[in-house]
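Each residue takes its place number in the sequence, starting with 1.
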Amino acid sequence: MSPETEALATLRGAMIEICSGTAFVIVGLMAFAVAALRRRSGVRAIVWVGIWSAMYGVLSLVGVPLFVSTLPDWLRVAAPYIRVAVEYLILVVATIAWVELSLGRVRLILKAIAFVGLAIGVIGFADFIFSGSPDKLMPLNSLLGVFDLLLLLTVIIVPGLSRKYLVLPSRGVLAVGSIVFGLEAVFADLSRPLGYGMARVWDSLAFAVLLSSFGYVALQIVFTGERRLLSIESELAVARQLQFSILPTTTPELSNLRIAAVYEPMTEVAGDFYEFLPVDQHRAGFLIADVSGHGVPAALIASMIKVAAQSVIRCANDPGEVLRRLGSILSGQLRGQFVSAAYLWIDTDTHQARYSAAGHPPLLCWRAAAGELQRIESNGLLFGVMPDADYPVCDLTFASGDRFLLYTDGVSEPENAAGDSFGDLRLEQVVRGNQSCNASELSEHLLAEVRKWQPASSTQQDDITLIVIDVL
């Protein structure tokens, strides 16, 4: 072969390496972009695939003297160190990528391999810095890589093992990619001792096949997770509609009373609940409850309260008995959760009210004649603590211009950016300062003040429910 022909072949090989290395780096950057855009479950596998691809590309580039010669001086000096670091650590990154697709014992074994590989890489790189020998621990690293590859090939190829130990929506694609890469690696390792060196391009092609199959599976996992999330969101929207359907659609028309209710769930479904128990145009009960926790479990218990409330209408004039029966009905269904509740009975004929609560925030009562706000506390145990607890009852009288406010702790507990809660004091100040507002206006103003108290960038911190009752 003439010197010109040999130089041309060397240049051609260098250009192929530069192009393939650049392509793998670009693929890695694209993987990062996809992961940043999606931010869903499963994207960690894509991130590690991106790092894996970028490292392989960098390894290809720094192995080409022509490419290294074009780098700035400081990068040319760093190139050998980058090459050694990547050679040692690429196994660690590849193994972690596989960890994202694995389950059970295989996942634990892969984590152990990654840890051992990291230890080998740190020691090998440190030895290179002090002794200048880049390959001292590379045989050990290669042996670990062979074990890693054989383990993964076995798990992927055997259907029973792949179903048990891998998260694979499409086993066949990954199996093909892994087999192609494994065969090329074995053939390359066997041929080199015999003097038959393979062109680097075959390594790159085999890796590209493996990377494509791995990326395909990782994206499938992400898309499957997104479809599942969309399905859950759709079901939650239906659950939200159903939950709103169990709440009163209108406020009861009672003589000499004006009623306003606000219900603002923190999530699609909530653990707050309220109900009206009207007996006639002069008498009605007002129930409000707050289930511990949020989301679907709390919403299911709130739905149970709706059913239980229908069974206590006969004793609606006795708040203590209403709460005792509700607590007894719910006690076997709460599964470690707790419910606070408050119940107010109003009779406009006699101008009498009766109140009792189960671990709930106090009833606020504005006395128009005296111009003062009273906190009425008549609390027993939360539902779920004891099945047959007793609940003390507070008897009240009221007059024209008085106002009652029932609420859950989502009104008083939201925090501002400094971590200070809205608090009972501010709640009482809002009630005192808005006596000229009617029930509906007060509830809207109070809700606006709570929202203003929270940081603009934060979401609602708890379910909010309140009932305002004005006496005419």
Side-chain angles (χ1 to χ4, degrees), residues 10 13-29 31-32 44 47-100 108-152 181 184-185 188-189 192-193 197-204 206-208 210-211:
T10 302
M15 292 306 299
I16 292 174
E17 282 293 295
I18 291 173
C19 290
S20 64
T22 303
F24 284 121
V25 172
I26 292 173
V27 168
L29 295 176
F32 298 151
R44 286 189 301 182
V47 171
W48 286 111
V49 166
I51 298 173
W52 189 6
S53 177
M55 289 179 72
Y56 190 91
V58 168
L59 189 60
S60 298
L61 291 173
V62 297
V64 180
L66 178 63
F67 175 81
V68 174
S69 67
T70 64
L71 298 175
D73 290 342
W74 65 275
L75 271 179
R76 279 203 302 273
V77 173
Y81 297 92
I82 294 173
R83 181 182 62 81
V84 173
V86 172
E87 282 183 340
Y88 275 114
L89 297 180
I90 194 169
L91 172 64
V92 177
V93 172
T95 304
I96 294 175
W98 280 101
V99 166
E100 296 299 325
L108 294 176
I109 294 173
L110 290 176
K111 286 182 177 180
I113 291 173
F115 180 78
V116 173
L118 179 62
I120 292 173
V122 170
I123 296 172
F125 186 72
D127 182 73
F128 169 65
I129 292 175
F130 291 107
S131 70
S133 174
D135 303 324
K136 193 168 186 180
L137 295 184
M138 197 54 68
L140 187 59
N141 191 68
S142 299
L143 182 63
L144 186 66
V146 170
F147 174 76
D148 195 1
L149 182 60
L150 290 176
L151 170 67
L152 290 169
F181 181 78
E184 191 280 333
D189 288 341
R192 286 192 186 101
M198 291 180 63
R200 172 77 176 173
V201 66
W202 295 108
D203 289 343
S204 297
F207 180 71
L210 174 63
L211 197 69

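- Taking OH of Y88 as the reference point, atom CD1 of I120 lies at 9.0 Å (rounded to 0.5 Å).
- Closest of all the heavy-atom pairs between D127 and S133 is OD2-O, 3.7 Å.
- The distance from atom CD1 of I123 to atom CG of L118, rounded to the nearest 0.5 Å, is 9.5 Å.
- Closest of all the heavy-atom pairs between G117 and V92 is C-CG2, 3.4 Å.
- Between the side chain of S142 and the main chain of M138, a donor-acceptor pair closer than 3.5 Å is present.
- Going from atom CD1 of I82 over to atom CG of L61 covers 10.5 Å, rounded to the nearest 0.5 Å.
- Of all the heavy atoms in A97 and W52, the pair that sits closest is CB-CE3, 4.2 Å.
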Exercise. Do L152 and D148 pass the side-chain contact (heavy atoms from CB on, under 4.5 Å) test, and can you show the C-alpha distance, the side-chain angles, and the key distance before you say yes or no?
Worked result: CA-CA 6 Å; L152 290 169; D148 195 1; 3.5 Å; yes

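- What you find for E100 and W48 is that their closest heavy atoms are CG-CD1, 4.0 Å.
- Annotation for V58 and V25: closest pair N-CG2, 3.9 Å, computed over non-hydrogen atoms.
- Here CG of L151 is found 10.0 Å from CH2 of W98. Values are rounded to the nearest 0.5 Å.
- Side-chain contact between R83 and P134 is present, with at least one heavy-atom pair separated by less than 4.5 Å.
- Atom-to-atom distance recorded for T95:OG1 and L89:CG is 11.0 Å, nearest 0.5 angstrom.
- Across all their heavy atoms, L91 and N141 have their closest contact at CD2-O, 3.7 Å.
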